[in-house]
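To find a chain, count down the sequence lines: A is the first, B the second, and so on, and within it residues start at 1.
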Amino acid sequence: MVLVLHNGATGKREEFVPLRHDAVGMYVCGPTVYDYAHIGNARPVIVFDVLYRLLKRRYASVHYVRNITDVDDKISARAREAGEVIGAITARTTAAFHEDMAALGSLPPDSEPRATAHIGNMIAMIERLIERGYAYVAEGHVLFSVAAKADYGKLSNRSRDEMIAGARIDVAPYKRDPADFTLWKPSGEDQPGWDSPWGRGRPGWHIECSAMSLAELGKTFDIHGGGRDLVFPHHENEVAQSEAANGAPFVRYWVHNGFLTVNGEKMSKSLGNFVVVRDALKKAPGEALRLNMLSTHYRAPIDWNDEGIARARQALDRWYGLIEKAEAHWGRSITPDAHVPEAIEAALDDDLNTPQAIAEMHAIANAGYAAGTEDALVPAAASLKAAGAALGVLRMEPHQWFRWQPAGEADGPTDVEIETLIEARKAARKAKNFAEADRIRDDLAARGVLLEDGPQGTKWKRA
RNA sequence: GGCGACGUGGCGGAAUGGUUACGCAGCGGACUGCAAAUCCGUGUAUACCGGUUCGAUUCCGGUCGUCGCCUCCA
């Protein structure tokens, strides 16, 4: 089993060989905690969770780091608007982020450094950059000198001329070069700040990730992930800072996920089409959102819409249906196979081809059903659950899945109410009072409950 | 304007120098008191124009179209 990843540094698919044979380090840019996570924030979390799960199956030690950016001008602005303390906003938003990502089936990373806990490391790194001639102080700011780093632009494949030509913003007068970027900036009284050799101030965004990855993973590490839109300037600047300060190569494999649109349009405040994860979780189970996200290859753009979520839900219905039948036959719950099916591993090894992996799960389910015997359902279910573990789905009991209901909407009938009505309908059917039986069925259907008459009686599920 | 990604059946979405997955929808069937649900079966596609090749959806060039980045937005 050879894992192949598309490496953004070379633009090619490459066999993944970690720095150390038994240990892997991975860093993924985490959220800036000033508001609830939107579905675009969730994409890298889900994608790299699948990679994390795969790496854990292959290597004795995996260190997955995802930072929390808890100092940022957007956070300060939000605090000012809300009349709230910054710490309260970041703590609350971080907790909500953890809940939402867990609901999407993502494992917590091994460490989750907060920027504010690493200010000392950032200052130390900036001092090293000044010493080495890669940064300069100007009017209370510290700036990275792009001209000092000959290979600046290598990750995003841009020349300095192109960057300057493309610059659409006014260049701050204290910059020696329009492409220079901020490492440290002075803070006013109403802004968060830390004492530094350059006065009270706060770090620029890019240096945060460089300092935290150094502290957690060392000068050179295996995988750095994030959204494609971060390639420039964020990741480009990280490379420049880290390599200049550390004198060592920074990242061996850059992995970038593609962008997400909502109903064909870019998510933006002005269009009012932000999909907040927390809201989406009220309307559909987390696993359905997750499977929908994985039904497109991670590097391709994905359009987020209700049809896709419904499709993902149907696929899960079929798989859970098989598991439920197998358990009914087996008389107890199905234990997943110890190993993820070969075909699934092969698909994921191919640059995380999750659509292919999903197709393989359908193949397992189809084979289980097509065998035509109940005995065949049991191994198929065990295999399916093992495959689900690789993708982070099929974590529920079938009855939980089928009885899932939207949160906070009390208009649906309760489980007990449904069971009572089913009993009443059973009696009516026995008495051949089909009009009454159908009335109950239609009534429940109108309230979102589907009945299924089978040899073993009547089962129900919420639509 | 610069850089980059991408155009596969009604829809979503993989793969591939030769026979093109998988799912949804549609259609047919089984099951059922009737249904629904479920299960079984099944038709349809490689944007356009050239080139290379025995053969191109796949490789190369061009056209058209979509999208992203160049604004501390994943």
Side-chain angles (χ1 to χ4, degrees), chain A residues 8 11 28-32 37-48 69 72-74 153 156-159 161-170 179 181-182 185 203-209 225-234 236-237 256-261 264-269 274 291-292 295-297 299-303 305 307-308 310-315 317-318 321-322 324-325 347 350 353-363 365-366 369-370 372 402 429 432-435 437-438 441-442 444-445 450-455 458-461 463:
Chain A
V28 175
C29 292
T32 299
H38 62 248
I39 199 69
N41 300 124
R43 190 171 194 192
V45 173
I46 292 170
V47 164
F48 291 103
T69 296
D72 181 276
D73 290 355
K74 284 196 293 287
S156 55
N157 195 28
R158 279 158 217 265
S159 71
D161 290 344
E162 285 164 7
M163 287 180 272
I164 294 165
R168 285 191 230 152
I169 46 165
D170 293 335
F181 57 90
T182 303
K185 51 191 165 187
W205 177 41
H206 313 301
I207 197 72
E208 297 179 8
C209 285
R228 198 195 277 295
D229 58 318
L230 291 184
V231 173
F232 189 88
H234 185 53
E236 188 69 62
N237 292 354
H256 292 111
N257 62 271
F259 218 76
L260 177 146
T261 54
E265 292 178 311
K266 177 172 174 161
M267 264 200 302
S268 74
K269 293 244 160 73
F274 257 76
L291 191 71
N292 183 225
S295 68
T296 298
H297 184 86
R299 284 193 286 118
I302 184 173
D303 186 51
N305 53 59
E307 292 72 36
R311 269 195 294 269
R313 220 174 151 169
Q314 284 187 77
D317 277 344
R318 184 167 166 84
L322 185 143
E324 186 171 53
K325 282 198 172 94
D350 182 18
N353 192 339
T354 52
Q356 181 65 40
I358 292 168
E360 297 295 349
M361 289 181 72
H362 280 297
N366 292 347
Y369 278 124
F402 287 118
R429 290 180 76 203
K432 303 241 187 274
N433 183 356
F434 295 120
D438 291 353
R441 184 174 65 201
D442 294 345
L444 279 171
L450 297 180
L451 301 189
E452 181 179 344
D453 296 330
T458 300
K459 294 195 304 178
W460 63 271
K461 67 176 185 181

Q: Is there a donor-acceptor pair closer than 3.5 Å between any side-chain N or O of A:N41 and the backbone N or O of A:H38?
A: yes
Q: Would you give the length of the straight line joining atom CZ of A:R441 to atom CZ of A:F434, rounded to the nearest 0.5 angstrom?
A: 10.5 Å
Q: Quick one: label A:G226 by what it contacts on the DNA or RNA (base, sugar-phosphate, nothing), any heavy atom closer than 4.0 Å.
A: sugar-phosphate
Q: I want to check one thing: is the phosphate of B:G12, taken as OP1 and OP2, less than 4.0 Å away from some side-chain N or O of A:S295?
A: no
Q: Provide, to the nearest angstrom, the distance between the CG atom belonging to A:D442 and the P atom belonging to B:A37.
A: 13 Å
Q: May I have the step-by-step check of side chain to side chain contact (heavy atoms under 4.5 Å, CB included) for A:N366 and A:R318, ending in yes or no?
A: CA-CA 10 Å; A:N366 292 347; A:R318 184 167 166 84; 2.7 Å; yes
Q: Report yes if some heavy atom in the side chain of A:C29 is under 4.5 Å from a heavy atom in the side chain of A:C209; otherwise report no.
A: yes
Q: Could you tell me the separation between the CD atom of A:Q356 and the CG atom of A:D350, rounded to the nearest 0.5 Å?
A: 8.0 Å
Q: Closest-nucleotide mapping onto RNA chain B: is A:L451 or A:G258 further toward the 5' terminus? I mean the 5' end.
A: A:L451
Q: Return the value, rounded to whole Å, for the distance between atom CZ of A:R228 and atom C1' of B:A5.
A: 6 Å
Q: Roughly, in whole Å, what's the span from CG in A:D317 to P in B:C39?
A: 9 Å
Q: Base, sugar-phosphate alone, or nothing: which one does A:H297 contact when heavy atoms must sit under 4.0 Å apart?
A: sugar-phosphate
Q: For atom C1', what is the distance between B:G23 and B:U42, given to the nearest Å?
A: 15 Å
Q: For the backbone of A:G308 and the side chain of A:N292, can you confirm whether one donor and one acceptor N or O come within less than 3.5 Å of each other?
A: yes
Q: Taking the same atom, C1', in B:U66 and in B:A47, what whole-Å distance lies between them?
A: 11 Å
Q: Using the P atom on both, measure B:G68 against B:A56 and round to a whole Å.
A: 35 Å
Q: For RNA chain B, just give me the dot-bracket, please: Watson-Crick or G-U, both distances below 3.5 Å, ( ) intra-strand, [ ] crossing earlier pairs, | paired with another strand, . unpaired.
A: (((((((..(((.....[...))).(((((.......)))))....(((((..]....))))))))))))....
Q: Does the pair A:E208 and A:D72 meet the rule for a side chain to side chain contact (heavy atoms under 4.5 Å, CB included), with working shown?
A: CA-CA 11 Å; A:E208 297 179 8; A:D72 181 276; 5.9 Å; no
Q: For A:D350 and B:A14, give me the distance from atom CG to atom P, rounded to whole Å.
A: 12 Å
Q: Consider the side chain of A:N353, meaning its heavy atoms from C-beta on, and name the nucleotide among B:A14, B:U38, B:A74 that approaches it most closely.
A: B:A14
Q: Could you give the distance separating B:C69 and B:G10 at their C1' atoms, to the nearest angstrom?
A: 33 Å
Q: Which distance, rounded to the nearest 0.5 Å, do you find between the OG1 of A:T354 and the CE of A:M361?
A: 11.5 Å
Q: Please report the distance separating the P of B:A45 from the corresponding atom of B:G9, rounded so that it comes out in whole Å.
A: 10 Å
Q: Out of B:C69, B:A15, B:A37, which has the shortest distance to the side chain of A:D229?
A: B:C69
Q: Determine the Euclidean distance between corresponding C1' atoms of B:U16 and B:A21; express it in Å to zero decimal places.
A: 11 Å
Q: A:K459 has an atom NZ; how far is it from atom C1' of B:A36, in whole Å?
A: 13 Å
Q: Can you name the nearest heavy-atom pair linking A:E236 to A:G153, along with the distance?
A: OE2-N, 2.8 Å
Q: Which one, B:C70, B:A74, B:C39, comes nearest to the side chain of A:Y369?
A: B:C39
Q: Calculate, to the nearest 0.5 Å, the distance between atoms CG and OG1 belonging to A:D453 and A:T458 respectively.
A: 4.0 Å
Q: With P as the reference atom in both, quote the distance from B:G7 to B:A30 in angstrom, rounded to an integer.
A: 42 Å
Q: What is the distance, to the nearest angstrom, from the CG atom on A:N292 to the P atom on B:C11?
A: 18 Å
Q: Could you state the atom-to-atom distance from CE of A:M361 to C1' of B:G13 in whole Å?
A: 16 Å
Q: When rounded to the nearest 0.5 angstrom, what distance separates CZ in A:R299 from CG in A:N353?
A: 10.0 Å
Q: Could you grab the distance from atom CG of A:N237 to atom CH2 of A:W205, nearest 0.5 Å is fine?
A: 9.5 Å
Q: Return the polar atom pairs (N/O with N/O) between nucleotides 64-67 of chain B and the protein under 3.5 Å, or none.
A:
none

Q: Protein within reach of the bases, or only the backbone? For nucleotides 19-33 of chain B, mark each nucleotide 5' to 3' as B, S or -, using heavy atoms under 4.0 Å.
A: --BSBSS-------B
Q: Would you mind reading off the distance between A:I46 atom CD1 and B:A74 atom C1', rounded to a whole angstrom?
A: 12 Å
Q: Report yes if some heavy atom in the side chain of A:I39 is under 4.5 Å from a heavy atom in the side chain of A:F274; otherwise report no.
A: no
Q: In whole Å, measure the gap between the C1' atoms of B:U19 and B:G55 for me.
A: 13 Å
